[in-house]
Amino acid sequence: QVQLVESGGGSVQAGGSLRLSCAASGYTYNTYSTVCMGWFRQAPGKEREGVAGIYTDGVSTYYADSVKGRFTISRDNAKTTLYLQMNSLKPEDTATYYCAATIRCWMFSANWQWSTLWDYWGQGTQVTVSS
């Protein structure tokens, strides 16, 4: 049974940094290495939006325009863990952040921001940025 557990959320002032982690269980190193991973966020009253995605090898990465140059997604396949380094945080980054996993990597590059692409979701971690 696959489980994704996020951590690292919290409250920071604008301009600050946070690093989110997503620990995946139910995968071995080999199976986790075949799964594409991503980060989404949802603010109150807004739809869930894709923040960043990463291919199986950790080399190909994708970002929402709103976070390009500020956020960095990475993964450690040996630890079956996904990360999101968030720098220069803004109040508009305030949201619950979710990690997600999908085996449909053949559709990933064009469709990673589609919520329906993803097979598994974590429970979320809150990020609050104050001005």
Show me the pairs that pass salt bridge (charged side-chain N to carboxylate O under 4.0 Å, His left out) and involve [range], at least two apart or across chains.
{"range": "residues 120-131", "value": "none"}
{"range": "residues 105-131", "value": "Arg104-Asp119"}
{"range": "residues 76-91", "value": "none"}

Q: Using side chain to side chain donor-acceptor pair (under 3.5 Å) as the criterion, list what pairs up with Gln85, not counting sequence neighbours.
A: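 Side chain to side chain donor-acceptor pair (under 3.5 Å) list for Gln85, sorted by chain: Asn87.
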Q. Which residues satisfy the side chain to side chain donor-acceptor pair (under 3.5 Å) test with Thr31, sequence neighbours excluded?
A.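 With sequence neighbours excluded, Thr31 shows a side chain to side chain donor-acceptor pair (under 3.5 Å) to Thr28, given in chain and number order.
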Say you draw a straight line from [atom1] of [X] to [atom2] of [Y]; how long is it, rounded to the nearest 0.5 Å?
{"X": "Trp112", "Y": "Ile54", "atom1": "CH2", "atom2": "CD1", "value": "11.5 Å"}
{"X": "Thr56", "Y": "Ile103", "atom1": "OG1", "atom2": "CD1", "value": "13.0 Å"}
{"X": "Ser7", "Y": "Leu20", "atom1": "OG", "atom2": "CG", "value": "8.0 Å"}
{"X": "Tyr97", "Y": "Gln42", "atom1": "OH", "atom2": "CD", "value": "12.0 Å"}
{"X": "Ser115", "Y": "Arg48", "atom1": "OG", "atom2": "CZ", "value": "6.5 Å"}

**Q.** Non-neighbouring partners of Trp114 that pass side chain to side chain contact (heavy atoms under 4.5 Å, CB included), sequence neighbours left out
**A.** Asn111, Thr116, Leu117
Run the side-chain donor-acceptor check on residues 59-71: report pairs under 3.5 Å with partners two or more places apart or on a different chain.
unit_1: Tyr63; atom_1: OH; unit_2: Ile73; atom_2: N; d: 2.9
unit_1: Asp65; atom_1: OD1; unit_2: Lys68; atom_2: NZ; d: 3.2
unit_1: Ser66; atom_1: OG; unit_2: Arg41; atom_2: NH2; d: 3.4
unit_1: Arg70; atom_1: NH1; unit_2: Ser88; atom_2: O; d: 2.9
unit_1: Arg70; atom_1: NH1; unit_2: Asp93; atom_2: OD2; d: 2.7
unit_1: Arg70; atom_1: NH2; unit_2: Ser66; atom_2: O; d: 2.9
unit_1: Arg70; atom_1: NH2; unit_2: Asp93; atom_2: OD1; d: 3.0
unit_1: Arg70; atom_1: NH2; unit_2: Asp93; atom_2: OD2; d: 3.4

Check residues 123-131 and write down every donor-acceptor pair under 3.5 Å in which the side-chain atom is one partner and the other belongs to a residue at least two apart or another chain.
unit_1: Gln123; atom_1: NE2; unit_2: Glu6; atom_2: OE1; d: 3.4
unit_1: Thr125; atom_1: OG1; unit_2: Gly9; atom_2: N; d: 3.2
unit_1: Gln126; atom_1: OE1; unit_2: Thr96; atom_2: OG1; d: 2.9
unit_1: Gln126; atom_1: NE2; unit_2: Ala95; atom_2: O; d: 3.4
unit_1: Gln126; atom_1: NE2; unit_2: Thr128; atom_2: OG1; d: 3.4
unit_1: Ser130; atom_1: OG; unit_2: Val12; atom_2: O; d: 3.4

(Q) Among residues at least two apart in sequence or on other chains, which ones pass ring-ring contact (aromatic ring centres under 6.0 Å, His included) with Tyr83? (A)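 Applying ring-ring contact (aromatic ring centres under 6.0 Å, His included) to Tyr83 gives none.
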Q | Residues forming a ring-ring contact (aromatic ring centres under 6.0 Å, His included) with Phe40, sequence neighbours excluded | A |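 With neighbours one apart ignored, the set is Trp118, Trp121.
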Q. Which pairs, with at least one residue in residues 40-126 and sequence neighbours excluded, count as a disulfide (SG to SG under 2.5 Å)?
A. Cys22-Cys99, Cys36-Cys105
Q.
Starting from Tyr29 and following side-chain heavy-atom contacts under 4.5 Å between hydrophobic residues (I, L, V, M, F, W, Y), which residues can be reached?
A. none
**Q.** Connected via hydrophobic side-chain network under 4.5 Å: Tyr32 and Val2
**A.**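 Yes; Val2 is reachable from Tyr32 via cluster members.
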Q) Considering all heavy atoms of both residues, which atom of Ala52 and which atom of Leu84 are nearest to each other, and what is their separation? A)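 Smallest interatomic distance, heavy atoms only, reads CB-CD1, 4.2 Å.
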Q: Dump the intermediate steps for side-chain contact (heavy atoms from CB on, under 4.5 Å) on Leu4 and Met37, then the final yes or no.
A: CA-CA 11 Å; Leu4 304 175; Met37 300 294 296; 4.2 Å; yes
Q. Any idea how Tyr55 and Phe108 line up, ring-wise: parallel (<30°), tilted (30 to 60°), or perpendicular (>60°)?
A.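 Ring orientation, 0 to 90° scale: tilted.
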